[in-house]
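These notes concern the structure reproduced below.
Every chain is numbered from 1, with letters handed out A, B, ... down the list of sequences.
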Number of protein chains: 2
Amino acid sequence: MTGPQKLSFKQQQLIVREDAIVDAVNGLLARKGYDLMTMDEVAAEVGIAKASLYKHFPSKEALAAAAMIRLLENTLAHVRSLAVSMPAIARLRAILQWALEVRMQGGLPTLPAQNTSLREALVKNMRYVGKVLDLNELLGDLIEQAKKDGAIRSDLPTEVVLFTIYARSCDPSVDYLKMMGQHSDRQIVDFLLLTCFNGLG
Amino acid sequence: MTGPQKLSFKQQQLIVREDAIVDAVNGLLARKGYDLMTMDEVAAEVGIAKASLYKHFPSKEALAAAAMIRLLENTLAHVRSLAVSMPAIARLRAILQWALEVRMQGGLPTLPAQNTSLREALVKNMRYVGKVLDLNELLGDLIEQAKKDGAIRSDLPTEVVLFTIYARSCDPSVDYLKMMGQHSDRQIVDFLLLTCFNGLG
DNA sequence: GTCTATACCATGATAGAC
DNA sequence: GTCTATCATGGTATAGAC
């Protein structure tokens, strides 16, 4: 009986450690972005040696993928947790609000769209691609429902709406507004939600 | 008489060459971003040796600053060229449209907000800071005018509106929509203008 | 077996000699 | 202006300690 127990315990520990690594990557990606994040920093923040990272994740790209997968899973879980009775538009708004709140606490990692080698690595990652497609589909359905409800302009293609929401969640304005320190986090979130769904006018 | 003429000619050439350098930087910043742009690439694109770059610009940061200064000057010129008879909101929309069109042709460089060493270098650059302040003021006035006209919600702080417009000009959605190839450049610009000023609803 | 220390190697920003 | 160092950084691989 000790055999299986020991193994299970070790596996448990492995998961805990990898979770700590992903935590660190998550924060660093949110604060510095992928290009400026270094493996040294990740290791230092976790409190392990740089080489140990490579025992858990084969590359920097894999680390980024792991962080994004966890974010996608959390997002999917949040989307699915929303009451079905809520109108589609309200759910979309709640999702963006949730993302912005996560971001306000420094927990929303973002990846650069221009880094081709990173993108190539991500596209090859089945788990990652699968989650992205799942989320796109889930949100796409909500957007189309909102269009039917007359809550979203029907002359906007669904993908335009989708990208607009995504873009707003990683909008650099947030950083600048936060840096200025004129408004509370709550206010900033409200402003972004307002400009996203209602526009400037 | 040959003395001054010769000098002037050399100066002329200098300017032409530096302009070519800034052209290359402009394109590379637009395509790859600051972190992934290398001095080797810049040199290769201009057709000179890497070390020669340093005869013209003291550092990579200075190159980025030069490109941004030229962009800011072009933007300021465009803003000032707009007819005073146009309503403020129409001018704001025209400015964003212009920026998006420039971007569509790969001519809109962007800088990462997270790179602290770059930001520090820019803040020390008086020419750059001056232009930024000029543009902020010019656009800020337009925004406040548009608010008085009832064309922009008066409950939105001016800086929120300003950042929202800036953010939309370097929105990653553009790249994704372009990559998908479903819409023409003109349509993409229209979609972004619409979602920015009128919102999704 | 898992972590650490260290070595390796490419890249990329600068600097100095022609 | 070019060519050729220099020097730091950072991603990756290996070898040995608990």
Item to check | Residue that, paired with A/V132, satisfies side-chain contact (heavy atoms from CB on, under 4.5 Å) out of A/N136, A/V129, A/D134 | outcome: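 With A/V132 as partner, side-chain contact (heavy atoms from CB on, under 4.5 Å) holds for just one option, A/N136.
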
Next on the checklist: Show me the pairs that pass side-chain hydrogen bond (donor to acceptor under 3.5 Å, both in side chains) and involve residues 49-59 of chain A, at least two apart or across chains.
Outcome noted: A/E18-A/H56

Item to check | Selection residues 118-129 of chain B - residue pairs positive for side-chain hydrogen bond (donor to acceptor under 3.5 Å, both in side chains), sequence neighbours left out | outcome: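 Listed by first then second residue: B/E73-B/R127.
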
Next on the checklist: Can you pull out every salt bridge (Lys or Arg N to Asp or Glu O under 4.0 Å) where at least one residue sits in residues 106-116 of chain B? Sequence neighbours excluded, please.
Outcome noted: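 Found none.
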
Next on the checklist: Check this for me: B/E137, atom CD, are more than 12 non-hydrogen atoms of other residues, nucleotides or ligands nearer than 6.0 Å?
Outcome noted: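 No, because the 6.0 Å sphere around CD of B/E137 holds 12 heavy atoms or fewer from other groups.
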
Item to check | A/M126 CE: over 12 foreign heavy atoms closer than 6.0 Å | outcome: no

Checklist entry - Looking at DNA chain C, which of residues 25-44 of chain B put a heavy atom within less than 4.0 Å of it? => result B/M37, B/T38, B/M39, B/D40

Checklist entry - Which ones in residues 109-125 of chain B lie close to DNA chain C, meaning a heavy atom under 4.0 Å from one of its atoms? => result none

Item to check | Those residues that, when tested against B/R186, pass salt bridge (charged side-chain N to carboxylate O under 4.0 Å, His left out) (two or more places apart) | outcome: B/D190

Checklist entry - Who passes salt bridge (charged side-chain N to carboxylate O under 4.0 Å, His left out) against B/R17, sequence neighbours left out? => result none

Item to check | All ring-ring contact (aromatic ring centres under 6.0 Å, His included) counterparts of B/Y176, not counting sequence neighbours | outcome: A/F163

Check residues 24-33 of chain B and write down every donor-acceptor pair under 3.5 Å in which the side-chain atom is one partner and the other belongs to a residue at least two apart or another chain.
| unit_1 | atom_1 | unit_2 | atom_2 | d |
| --- | --- | --- | --- | --- |
| B/N26 | ND2 | B/G107 | O | 3.0 |
| B/R31 | NH2 | B/E45 | OE1 | 3.3 |
| B/K32 | NZ | B/E41 | OE2 | 2.5 |

Next on the checklist: Do the side chains of B/D171 and A/R168 get close enough for a salt bridge, i.e. N-O under 4.0 angstrom?
Outcome noted: no

Checklist entry - Does anything in residues 48-59 of chain B reach DNA chain D, meaning a heavy atom under 4.0 Å, and if so which residues? => result B/I48, B/A49, B/A51, B/S52, B/K55, B/H56

Item to check | Terminal contacting nucleotides, 5' and 3', DNA chain D versus chain A (heavy atom, 4.0 Å) | outcome: D/dG10 to D/dT14

Checklist entry - Pairs in or reaching into residues 65-98 of chain A: which pass ring-ring contact (aromatic ring centres under 6.0 Å, His included), with residues at least two apart or in two chains? => result A/H78-A/W98

